[in-house]
Amino acid sequence: MSSGGVIVDLHRKSTNWAKVVDDIVKLERKIFPKHESLARSFDEELGKKNTGLIYMDLDGEVVGYAMYSWPSSMYACVTKLAVKENCRRQGHGEALLKAAIKKCRTRNVHRISLHVDPLRNPAISLYKKFGFQVDNLIEGYYSSDRNAYRMYLDFDAD
């Protein structure tokens, strides 16, 4: 399924940096509960050395984004993946996940991991489509009453 949008790397020197970050922060606030949102620390997160962000631009509008990091030379993490509610099920999340995996792979990592709410079935299905497997249930990951699956995707050593 083609998403019709364009995936863009967010760079601090981008002329539209402030607008894109503002749009992403607004998305963060709408999609994630306050205690899970990076809205207040987004700039700080993006300033970290081993962190990257890509976003989906659809006719000048940010409709989704993926944040990823590579804490070590062995593995990477997809730390955020979100698509505007009215833009879901159109291939944007799939395109963003594929691009985030590709970005992580440029670091020659052997594993990519992520966390997902066990109740988010569409997200889990998407991750499984790309080969992610459930590793563990982490109780209280998001809050005292919200758990997470830790999922991973392994690559053969080159």
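Qualifying ring pair (Phe, Tyr, Trp, His ring centres under 6.0 Å) partners for Tyr55, counting only residues two or more places apart in sequence or in other chains: none. In this structure, the side chain to side chain contact (heavy atoms under 4.5 Å, CB included) partners of Arg88, at least two apart in sequence or on a different chain, are Ile31, Val83, Glu85.
Between the side chain of Asn147 and the main chain of Gly140, a donor-acceptor pair closer than 3.5 Å is present. With Asn16 contributing its side chain and Lys19 its backbone, the two residues share no donor-acceptor pair below 3.5 Å. No donor-acceptor pair closer than 3.5 Å links the side chain of Arg120 to the backbone N or O of Ile124.
Counting all heavy atoms, side chain and backbone alike, Ala95 lies closest to Met56 at CB-CE, 3.7 Å. The minimum heavy-atom distance linking Tyr68 with Ala100 is given by the pair CD2-CB, 4.4 Å. Nearest heavy-atom pair, Ile7 versus Ala99, reported as atom, atom and distance to 0.1 Å: CD1-CB, 3.7 Å. Here the shortest heavy-atom pairing between Thr79 and Ser69 reads CG2-OG, 3.9 Å. Here the closest non-hydrogen pair linking Ala123 and Val116 is CB-CG2, 3.9 Å.
For the residue pair Tyr141/His115, the side-chain donor-acceptor check at 3.5 Å is satisfied.
In this structure, Arg111 fails the cation-pi test against Phe155, since its NZ or CZ atom is not both closer than 6.0 Å to the six-membered ring centre and inside 45 degrees of the ring normal.
Side-chain contact between Lys84 and Lys30 is absent, with no heavy-atom pair separated by less than 4.5 Å. At a threshold of 4.5 Å between non-hydrogen side-chain atoms, the residues Ile24 and Leu53 count as touching.
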Quiz: residues 128-137 side-chain donor-acceptor pairs under 3.5 angstrom, not counting sequence neighbours:
residue	atom	partner	partner atom	Å
Lys129	NZ	Glu94	OE1	2.9
Lys129	NZ	Glu94	OE2	3.3
Gln133	OE1	Tyr152	OH	3.4
Asp135	OD2	Arg150	NE	2.7
Asp135	OD2	Arg150	NH2	2.8

